[in-house]
Enquirer: 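A single structure is presented below for examination.
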Amino acid sequence: MPRKPAPFRVGRVSVYPRGRAWYLCYYQDGRRHRPRAGADKDAARQLAAQINAQLETDAPTVLSFEPISVVDLRERWLAHHEHVRRSSISTIRRYRAASEHLLRFLKTVQSVKLASHFQPRHAEDFARCLRSCQVAPNGHAKARKRPLRDKGVKFILEVCRTMFNYALKRRNLSSYAENPFTAIEIDRIPVEDAKPYFGFTEDQERAFFESCNEWQ
């Protein structure tokens with residue numbers, strides 16, 4: 001019968017086996033962390049050494065992150081655009097309206113509070129939900145509602161993807177996590193119901209410019 005692998009320490013980090021995987025155990029800011037390091041013992045030892053070095057210098061560990069609710073993430077992201085990026089008011093208004101769909105989805109359909117708990121399957125469910133969403137084209141409460149067009153669905157998903165990229169850069173998602181909206185390949189979604197565009201004919205264009213004065 002093969003011997004069970006023995007636990008070991010790397011400085012302030014304990015490494016121990018559980019099943020076929022290795023786990024780490026260490027304390028940071030008074031909290032115990034027990035992340036999974038994988039099935040390879042040498043890789044677990046290297047990760048433990050890296051985390052131990054970061055603990056010794058009081059640096060953020062490679063596996064550390066700050067959990068944040070999706071609601072707070074959205075407010076921080078919009079505030080970043082307003083006060084840091086200095087985005088236009090109309091841009092911020094469009095981002096707020098687009099991200100409001102996600103908050104409504106999390107409130108009424110899929111109860112996920114933390115951004116780190118939002119998974120690709122939730123992003124897929126959200127995309128499906130947008131297909132059945134009815135909106136007023138001009139935003140007026142009494143306007144006749146219609147389904148979102150493909151272009152509108154793509155824009156909402158792109159806004160949410162950008163917001164979660166912001167979370168990734170600020171360590172608000174769990175370590176080694178990917179943007180959940182990247183998995184649904186938004187850029188490959190076809191736009192099949194675009195609003196038709198009617199341009200000027202040559203005669204209309206000529207008449208338009210002839211009616212303008214020299215300055216216009």
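Because the structure is predicted, anything quoted here is derived from the model rather than measured. Just so it is clear, the values below take in all heavy atoms, side chains as well, and ignore hydrogens, waters and symmetry mates. All residue numbers refer to positions in the sequence shown, counting from 1.
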Enquirer: Any chain of hydrophobic side-chain contacts (each under 4.5 Å) joining Leu102 to Val109?
Expert: yes

Enquirer: Checking Thr162 against Asn165 for the side-chain hydrogen bond (donor to acceptor under 3.5 Å, both in side chains) test, could you report, in this order, the C-alpha distance in whole Å, the side-chain angles of both residues, the deciding distance, and whether it holds?
Expert: CA-CA 5 Å; Thr162 304; Asn165 279 337; 5.3 Å; no

Enquirer: Quick one: are the ring centres of Phe105 and Phe118 less than 6.0 Å apart?
Expert: no

Enquirer: A quick test of your reading: do over 12 heavy atoms of other residues, nucleotides or ligands sit less than 6.0 Å from CZ of Arg146?
Expert: yes

Enquirer: Determine yes or no for a side-chain-to-main-chain donor-acceptor pair under 3.5 angstrom, with Asn172 supplying the side chain and Ile68 the backbone.
Expert: no

Enquirer: Can you tell me if CZ on Arg121 sees more than 12 non-hydrogen neighbours from other groups inside 6.0 Å?
Expert: no

Enquirer: Enter the distance from Arg93:CZ to Ser88:OG here, rounded to the nearest 0.5 Å.
Expert: 8.5 Å

Enquirer: Using side-chain heavy atoms (C-beta onward) and a distance below 4.5 Å, is Tyr166 in contact with His80?
Expert: yes

Enquirer: Shortest non-hydrogen contact from Ile184 to Pro120?
Expert: CG2-O, 4.4 Å

Enquirer: Step by step, work out the side chain to side chain contact (heavy atoms under 4.5 Å, CB included) result for Phe126 and Gln110.
Expert: CA-CA 9 Å; Phe126 177 52; Gln110 190 69 255; over 6 Å; no

Enquirer: Might you confirm whether atom CZ of Arg20 has over 12 heavy atoms from other residues, nucleotides or ligands at distances under 6.0 Å?
Expert: no

Enquirer: Is there a side chain to side chain contact (heavy atoms under 4.5 Å, CB included) between Val15 and Arg45? Walk through the geometry before answering.
Expert: CA-CA 7 Å; Val15 187; Arg45 187 188 299 274; over 6 Å; no

Enquirer: Would you compute the distance between atom CZ of Phe181 and atom CD of Glu124 and round it to the nearest 0.5 angstrom?
Expert: 11.0 Å

Enquirer: Any side-chain heavy atom of Arg94 sitting closer than 4.5 Å to one from Phe155?
Expert: yes

Enquirer: Apply the test side chain to side chain contact (heavy atoms under 4.5 Å, CB included) to residues Arg34 and Tyr23: give CA-CA distance (whole Å), side-chain angles for both, the deciding distance (0.1 Å), then the verdict.
Expert: CA-CA 6 Å; Arg34 293 189 294 183; Tyr23 286 78; 5.6 Å; no

Enquirer: One thing to verify: whether Arg131 and Asp150 come together as a salt bridge, which I'm taking to mean a side-chain N less than 4.0 angstrom from a carboxylate O.
Expert: yes

Enquirer: So do the side chains of Leu148 and Ile156 get within less than 4.5 Å of each other, counting heavy atoms only?
Expert: yes

Enquirer: Would you give the length of the straight line joining atom CG of Leu55 to atom OG1 of Thr57, rounded to the nearest 0.5 angstrom?
Expert: 8.0 Å

Enquirer: On a heavy-atom basis, which atom in Ala6 and which in Pro17 lie closest, and how many Å separate them?
Expert: C-CD, 4.5 Å

Enquirer: Under 4.0 Å between a side-chain nitrogen and a carboxylate oxygen: does that hold for Glu75 and Arg96?
Expert: yes

Enquirer: Could you check whether any side-chain heavy atom of Leu103 comes within less than 4.5 Å of a side-chain heavy atom of Glu100, counting everything from C-beta outward?
Expert: yes

Enquirer: Mind checking whether His101 and Cys133 have side chains closer than 4.5 Å, heavy atoms only?
Expert: yes

Enquirer: Any side-chain heavy atom of Leu157 sitting closer than 4.5 Å to one from Leu130?
Expert: yes

Enquirer: Could you walk me through whether Tyr16 and Phe8 satisfy the ring pair (Phe, Tyr, Trp, His ring centres under 6.0 Å) test, starting with their C-alpha distance in whole Å, then the side-chain angles of each, then the deciding distance to 0.1 Å, before giving a yes or no?
Expert: CA-CA 7 Å; Tyr16 62 95; Phe8 59 93; over 10 Å; no

Enquirer: Is it possible for you to check whether Arg32 lies under 6.0 Å from the centre of the six-membered ring of Tyr26, through NZ or CZ, and within 45° of that ring's axis?
Expert: no

Enquirer: Got Pro180 and Gln119 here, is their nearest side-chain heavy-atom distance under 4.5 Å?
Expert: no

Enquirer: Rounded to the nearest 0.5 Å, what separates atom CD in Glu56 from atom CG in Asp58?
Expert: 8.5 Å

Enquirer: Could you tell me the separation between the CD1 atom of Ile92 and the CZ atom of Arg86, rounded to the nearest 0.5 Å?
Expert: 8.0 Å

Enquirer: Between Ala115 and Leu73, what is the shortest heavy-atom contact and its length?
Expert: CB-CD2, 3.9 Å

Enquirer: Could you measure the distance from the CZ atom of Arg206 to the OG atom of Ser211? Nearest 0.5 Å is fine.
Expert: 13.0 Å

Enquirer: Keeping the roles fixed (side chain from Lys113, backbone from Val70), state whether a donor-acceptor pair exists under 3.5 Å.
Expert: no

Enquirer: Has the side chain of His117 got a donor or acceptor atom that lies under 3.5 Å from a matching backbone atom of Leu114?
Expert: no

Enquirer: Could you walk me through whether Glu82 and Ser87 pass the side chain to side chain contact (heavy atoms under 4.5 Å, CB included) check?
Expert: CA-CA 6 Å; Glu82 181 177 0; Ser87 300; over 6 Å; no

Enquirer: Are Tyr27 and Leu24 in one and the same hydrophobic cluster, where Ile, Leu, Val, Met, Phe, Trp and Tyr link if side-chain heavy atoms are under 4.5 Å apart?
Expert: no

Enquirer: Salt bridge check: are Asp187 and Arg161 linked by an N-O gap of less than 4.0 Å?
Expert: yes

